[in-house]
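One structure below.
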Amino acid sequence: IVEPDDWIEPDMYADMLAFAAKFEEETPLDIVKTPYWRIWMPDTDEERKINCSYKGRIEPAQQPFAITDAAHILCHHPSIWSAIYRRDFLMQNNIWFKEIPGAGWADNPFLVETLCQAKAIAYWPKPYYCYREETPEKAAALAKRDPLMPFNRWNDMVDILERLNVTDSAVWTPQITRGFTYMGIMIEHTGIDGHPEIEQAIHE
(Lines give C-alpha, C1' and ligand atoms only; values in the text may rest on other atoms or scores of the structure.)
Protein backbone atom coordinates (compact mmCIF):
# COMPACT_ATOMS: atom_id res chain seq x y z
CA ILE A 1 0.00 0.00 0.00
CA VAL A 2 1.52 3.33 -1.06
CA GLU A 3 -0.48 6.54 -0.86
CA PRO A 4 0.00 8.81 -3.90
CA ASP A 5 1.59 11.72 -2.03
CA ASP A 6 4.12 9.57 -0.13
CA TRP A 7 7.25 7.73 -1.21
CA ILE A 8 9.31 4.72 -0.15
CA GLU A 9 13.04 4.27 0.19
CA PRO A 10 14.93 1.74 -1.97
CA ASP A 11 14.73 -1.96 -1.08
CA MET A 12 11.71 -1.61 1.20
CA TYR A 13 9.80 -4.56 -0.21
CA ALA A 14 12.87 -6.63 -1.07
CA ASP A 15 14.08 -6.39 2.53
CA MET A 16 10.66 -7.09 4.04
CA LEU A 17 10.06 -10.10 1.79
CA ALA A 18 13.52 -11.46 2.56
CA PHE A 19 12.76 -11.09 6.26
CA ALA A 20 9.41 -12.86 5.82
CA ALA A 21 11.12 -15.69 3.93
CA LYS A 22 13.08 -16.62 7.06
CA PHE A 23 9.83 -17.77 8.68
CA GLU A 24 8.22 -19.54 5.71
CA GLU A 25 9.08 -23.13 6.61
CA GLU A 26 7.88 -22.98 10.22
CA THR A 27 5.23 -20.25 10.34
CA PRO A 28 4.19 -18.31 7.22
CA LEU A 29 3.72 -14.71 8.30
CA ASP A 30 0.42 -12.88 7.94
CA ILE A 31 1.97 -9.42 8.37
CA VAL A 32 5.43 -7.84 8.40
CA LYS A 33 5.35 -4.47 10.16
CA THR A 34 8.00 -1.73 10.15
CA PRO A 35 8.36 1.79 11.56
CA TYR A 36 8.23 4.73 9.13
CA TRP A 37 9.57 8.21 8.52
CA ARG A 38 7.38 11.22 9.30
CA ILE A 39 7.70 13.99 6.73
CA TRP A 40 6.75 16.86 8.99
CA MET A 41 5.42 20.13 7.52
CA PRO A 42 5.90 18.94 3.91
CA ASP A 43 6.48 21.46 1.14
CA THR A 44 7.36 24.22 3.59
CA ASP A 45 10.64 25.72 4.75
CA GLU A 46 10.21 23.75 7.98
CA GLU A 47 10.02 20.32 6.32
CA ARG A 48 11.82 17.66 8.36
CA LYS A 49 12.24 13.88 8.15
CA ILE A 50 11.82 12.49 11.66
CA ASN A 51 11.23 9.14 13.35
CA CYS A 52 7.71 7.88 13.95
CA SER A 53 6.52 7.61 17.54
CA TYR A 54 7.07 3.86 17.85
CA LYS A 55 10.50 3.47 16.25
CA GLY A 56 12.72 1.70 18.78
CA ARG A 57 9.78 1.02 21.10
CA ILE A 58 8.32 -2.18 19.64
CA GLU A 59 10.24 -5.10 21.10
CA PRO A 60 8.18 -8.30 20.89
CA ALA A 61 9.35 -11.06 23.21
CA GLN A 62 9.35 -13.46 20.28
CA GLN A 63 8.89 -13.48 16.52
CA PRO A 64 6.34 -14.07 15.13
CA PHE A 65 3.75 -12.79 17.57
CA ALA A 66 0.04 -11.99 17.90
CA ILE A 67 -1.14 -8.45 18.58
CA THR A 68 -1.89 -9.22 22.24
CA ASP A 69 1.88 -9.68 22.69
CA ALA A 70 2.72 -6.27 21.20
CA ALA A 71 -0.47 -4.22 21.51
CA HIS A 72 1.62 -1.07 21.88
CA ILE A 73 1.50 -0.87 18.07
CA LEU A 74 -2.20 0.02 18.36
CA CYS A 75 -1.42 3.15 20.39
CA HIS A 76 0.08 4.97 17.42
CA HIS A 77 -0.81 6.21 13.95
CA PRO A 78 -2.48 3.37 12.01
CA SER A 79 0.40 3.46 9.46
CA ILE A 80 -1.03 0.47 7.58
CA TRP A 81 1.24 1.29 4.63
CA SER A 82 4.42 0.52 6.64
CA ALA A 83 3.60 -3.18 6.42
CA ILE A 84 3.05 -6.00 3.96
CA TYR A 85 0.20 -8.48 4.20
CA ARG A 86 -0.11 -12.07 3.01
CA ARG A 87 -2.82 -12.11 0.38
CA ASP A 88 -4.25 -15.47 1.45
CA PHE A 89 -4.64 -14.13 4.98
CA LEU A 90 -6.66 -11.16 3.68
CA MET A 91 -8.82 -13.33 1.43
CA GLN A 92 -9.48 -16.00 4.06
CA ASN A 93 -10.65 -13.38 6.54
CA ASN A 94 -12.56 -11.36 3.93
CA ILE A 95 -10.61 -8.20 4.75
CA TRP A 96 -11.21 -5.27 2.42
CA PHE A 97 -11.01 -1.52 2.68
CA LYS A 98 -14.34 0.06 3.56
CA GLU A 99 -15.75 2.03 0.64
CA ILE A 100 -15.66 5.46 2.25
CA PRO A 101 -16.21 8.61 0.13
CA GLY A 102 -12.86 10.33 -0.23
CA ALA A 103 -11.22 7.32 1.52
CA GLY A 104 -11.52 9.28 4.77
CA TRP A 105 -9.41 7.43 7.33
CA ALA A 106 -10.13 4.02 5.80
CA ASP A 107 -6.87 2.89 7.39
CA ASN A 108 -8.53 2.85 10.83
CA PRO A 109 -10.81 -0.18 10.36
CA PHE A 110 -8.20 -1.93 8.19
CA LEU A 111 -5.74 -1.65 11.08
CA VAL A 112 -7.82 -3.63 13.56
CA GLU A 113 -9.20 -6.02 10.92
CA THR A 114 -5.66 -7.12 10.09
CA LEU A 115 -3.72 -6.93 13.35
CA CYS A 116 -6.46 -8.49 15.47
CA GLN A 117 -6.93 -11.48 13.17
CA ALA A 118 -3.30 -12.15 12.30
CA LYS A 119 -1.82 -15.19 14.00
CA ALA A 120 1.75 -14.47 12.88
CA ILE A 121 3.08 -10.89 12.83
CA ALA A 122 6.78 -10.06 12.60
CA TYR A 123 8.42 -6.70 13.21
CA TRP A 124 11.35 -5.46 11.13
CA PRO A 125 12.78 -2.36 12.89
CA LYS A 126 14.06 -0.41 9.86
CA PRO A 127 11.93 2.48 8.49
CA TYR A 128 11.47 2.88 4.73
CA TYR A 129 8.07 4.49 4.17
CA CYS A 130 8.05 8.29 4.02
CA TYR A 131 4.67 9.59 5.15
CA ARG A 132 3.83 13.20 4.31
CA GLU A 133 1.84 14.49 7.27
CA GLU A 134 -0.90 17.06 6.86
CA THR A 135 0.04 20.60 7.77
CA PRO A 136 -2.04 22.04 10.66
CA GLU A 137 -3.99 24.16 8.17
CA LYS A 138 -4.95 21.15 6.04
CA ALA A 139 -5.84 19.07 9.11
CA ALA A 140 -8.10 21.85 10.40
CA ALA A 141 -9.80 22.23 7.01
CA LEU A 142 -10.49 18.49 6.83
CA ALA A 143 -11.92 18.48 10.36
CA LYS A 144 -14.29 21.31 9.52
CA ARG A 145 -15.34 19.69 6.25
CA ASP A 146 -16.32 16.39 7.88
CA PRO A 147 -16.36 16.80 11.69
CA LEU A 148 -17.92 13.39 12.36
CA MET A 149 -15.40 11.38 10.34
CA PRO A 150 -13.06 10.54 13.28
CA PHE A 151 -16.03 9.41 15.37
CA ASN A 152 -17.40 7.30 12.51
CA ARG A 153 -14.05 5.58 11.93
CA TRP A 154 -13.59 4.98 15.66
CA ASN A 155 -17.02 3.35 15.79
CA ASP A 156 -16.08 1.22 12.77
CA MET A 157 -13.09 -0.05 14.74
CA VAL A 158 -15.24 -0.83 17.78
CA ASP A 159 -17.71 -2.71 15.58
CA ILE A 160 -14.85 -4.90 14.31
CA LEU A 161 -13.46 -5.58 17.79
CA GLU A 162 -16.92 -6.60 18.98
CA ARG A 163 -17.53 -8.77 15.90
CA LEU A 164 -14.22 -10.52 16.51
CA ASN A 165 -15.12 -11.01 20.19
CA VAL A 166 -11.95 -9.26 21.33
CA THR A 167 -11.91 -9.04 25.11
CA ASP A 168 -8.21 -8.46 25.88
CA SER A 169 -7.68 -5.14 27.68
CA ALA A 170 -4.29 -4.82 25.97
CA VAL A 171 -6.23 -4.25 22.73
CA TRP A 172 -9.18 -2.29 24.13
CA THR A 173 -7.11 0.21 26.13
CA PRO A 174 -5.40 1.70 23.03
CA GLN A 175 -8.78 1.81 21.29
CA ILE A 176 -10.39 3.74 24.15
CA THR A 177 -7.39 6.08 24.28
CA ARG A 178 -7.72 6.66 20.53
CA GLY A 179 -11.34 7.71 21.09
CA PHE A 180 -10.28 10.45 23.49
CA THR A 181 -7.52 11.51 21.08
CA TYR A 182 -10.00 11.85 18.22
CA MET A 183 -12.40 13.74 20.47
CA GLY A 184 -9.61 16.16 21.36
CA ILE A 185 -8.72 16.69 17.72
CA MET A 186 -12.28 17.66 16.85
CA ILE A 187 -12.68 19.95 19.86
CA GLU A 188 -9.40 21.66 18.96
CA HIS A 189 -10.21 22.18 15.29
CA THR A 190 -13.98 22.68 15.34
CA GLY A 191 -15.15 23.24 18.90
CA ILE A 192 -18.45 22.16 20.36
CA ASP A 193 -20.35 25.44 20.38
CA GLY A 194 -22.70 25.54 17.43
CA HIS A 195 -22.03 21.89 16.60
CA PRO A 196 -24.64 19.77 18.38
CA GLU A 197 -23.74 16.79 16.19
CA ILE A 198 -20.21 16.78 17.66
CA GLU A 199 -21.50 17.06 21.21
CA GLN A 200 -23.88 14.16 20.56
CA ALA A 201 -21.07 12.05 19.05
CA ILE A 202 -18.90 12.71 22.11
CA HIS A 203 -21.65 11.59 24.47
CA GLU A 204 -22.36 8.48 22.41
Side-chain angles (χ1 to χ4, degrees), residues 1-3 5-20 22-23 29-42 47-86 89 95 97 105-136 139 150 153-154 156-158 160-161 164 166 168-185 188:
I1 302 165
V2 182
E3 295 187 351
D5 54 347
D6 299 334
W7 70 91
I8 61 175
E9 295 188 340
D11 300 322
M12 173 177 174
Y13 296 122
D15 288 355
M16 294 170 77
L17 288 167
F19 178 60
K22 296 178 181 179
F23 299 88
L29 299 179
D30 297 322
I31 300 172
V32 175
K33 181 71 174 171
T34 68
Y36 64 95
W37 292 110
R38 295 173 55 200
I39 308 303
W40 183 73
M41 297 295 287
E47 180 175 313
R48 297 289 185 275
K49 182 180 180 183
I50 58 180
N51 286 323
C52 72
S53 58
Y54 61 84
K55 185 178 184 294
R57 300 174 67 185
I58 306 299
E59 298 179 350
Q62 62 182 17
Q63 301 251 45
F65 58 91
I67 192 58
T68 49
D69 298 317
H72 187 58
I73 295 174
L74 295 168
C75 297
H76 303 277
H77 189 289
S79 63
I80 59 170
W81 19 253
S82 66
I84 54 175
Y85 308 85
R86 185 166 57 86
F89 158 70
I95 299 173
F97 279 100
W105 292 19
D107 52 357
N108 280 238
F110 189 85
L111 175 77
V112 293
E113 281 261 46
T114 52
L115 290 181
C116 291
Q117 295 187 82
K119 294 181 174 62
I121 306 167
Y123 185 75
W124 177 245
K126 182 178 177 180
Y128 301 86
Y129 193 97
C130 299
Y131 170 61
R132 288 164 48 95
E133 296 185 343
E134 298 283 8
T135 62
R153 294 297 81 76
W154 186 84
D156 290 340
M157 298 170 88
V158 169
I160 292 167
L161 293 176
L164 297 176
V166 174
D168 196 309
S169 62
V171 174
W172 274 104
T173 297
Q175 178 64 15
I176 293 167
T177 301
R178 186 182 298 275
F180 282 99
T181 300
Y182 286 1
M183 181 179 69
I185 289 171
E188 176 186 355

**OP:** Taking the side chain as every heavy atom from C-beta outward, state whether I39 and C130 have any pair of such atoms under 4.5 Å apart.
**Re:** yes
Original post:
Which residues pass the side chain to side chain contact (heavy atoms under 4.5 Å, CB included) test with A18, sequence neighbours left out?
Top reply: none
Original post:
Looking only at heavy atoms, which two atoms of S53 and H76 are closest? And how far apart?
Top reply: OG-ND1, 2.7 Å
Subject >> Lys/Arg N to Asp/Glu carboxylate O, D30 vs R86, below 4.0 Å >> reply: yes
**OP:** Would you tell me whether S79 and Y54 have side-chain atoms, one donor and one acceptor, within less than 3.5 Å of each other?
**Re:** yes
Original post:
If you measure from CG on L74 to OG1 on T68, what distance do you get to the nearest 0.5 Å?
Top reply: 10.0 Å
Original post:
Can you find a heavy atom in the side chain of D6 that is under 4.5 Å from one in the side chain of Y129?
Top reply: yes
**OP:** Kindly indicate whether the side chain of P150, heavy atoms from C-beta on, has any atom under 4.5 Å from the side chain of I185.
**Re:** no
**OP:** Kindly determine whether F89 and Q117 satisfy side chain to side chain contact (heavy atoms under 4.5 Å, CB included), including the steps that lead there.
**Re:** CA-CA 9 Å; F89 158 70; Q117 295 187 82; 4.1 Å; yes
Subject >> Flag if over 12 foreign heavy atoms under 6.0 Å of NZ, K119 >> reply: no
Original post:
Hey, are the side chains of R132 and W7 touching, using non-hydrogen atoms and a 4.5 Å cut-off?
Top reply: yes
Original post:
Is the number of heavy atoms from other residues, nucleotides or ligands under 6.0 Å of F180 CZ greater than 12?
Top reply: no
Original post:
Passes side chain to side chain contact (heavy atoms under 4.5 Å, CB included), M157 versus W105? Steps please.
Top reply: CA-CA 11 Å; M157 298 170 88; W105 292 19; over 6 Å; no
Original post:
Do M183 and W154 come close enough that some side-chain heavy atom pair is under 4.5 Å?
Top reply: no
**OP:** Taking all non-hydrogen atoms of both residues into account, name the closest pair between W124 and V32 and its distance.
**Re:** CB-CG1, 4.3 Å
Subject >> Contact summary for I80 and Y85, nearest pair of heavy atoms >> reply: O-OH, 2.6 Å
Original post:
Checking side chain to side chain contact (heavy atoms under 4.5 Å, CB included) for the pair C75/T177: CA distance, chi angles, key distance, verdict?
Top reply: CA-CA 8 Å; C75 297; T177 301; over 6 Å; no
Subject >> W172 vs V158, side chain to side chain contact (heavy atoms under 4.5 Å, CB included): CA-CA, chis, key distance, verdict >> reply: CA-CA 9 Å; W172 274 104; V158 169; 4.0 Å; yes
**OP:** Give, for atom CD of Q175 and atom CG of L111, the distance between the pair rounded to the nearest 0.5 Å.
**Re:** 8.5 Å
Subject >> Value rounded to 0.5 Å, distance of OH in Y123 from CD in E59 >> reply: 9.5 Å
Original post:
At their closest point, which heavy atom of N108 faces which heavy atom of P78, and how far apart are they?
Top reply: ND2-CG, 3.9 Å
Original post:
What heavy-atom pair brings E47 and P42 nearest, and what distance separates the two atoms?
Top reply: OE1-CA, 3.4 Å
Subject >> K126/E9 ion pair, N-O < 4.0 Å >> reply: no
Original post:
How many angstroms lie between NZ in K33 and CD1 in I58, if you round to the nearest 0.5 Å?
Top reply: 9.0 Å
Original post:
What pair of heavy atoms forms the shortest contact from S82 to M16, and how long is it?
Top reply: O-CE, 4.2 Å
Original post:
What is the ring orientation for W81 with H77, classed by angle as parallel under 30°, tilted 30 to 60°, or perpendicular over 60°?
Top reply: tilted
Original post:
Side-chain contact, heavy-atom cut-off 4.5 Å: K55 with Y36?
Top reply: no
Subject >> Gap separating the CZ atom of R178 from the CD1 atom of I176, nearest 0.5 angstrom >> reply: 12.5 Å
Subject >> Spacing of W40 atom CH2 and R48 atom CZ [to the nearest 0.5 Å] >> reply: 7.0 Å
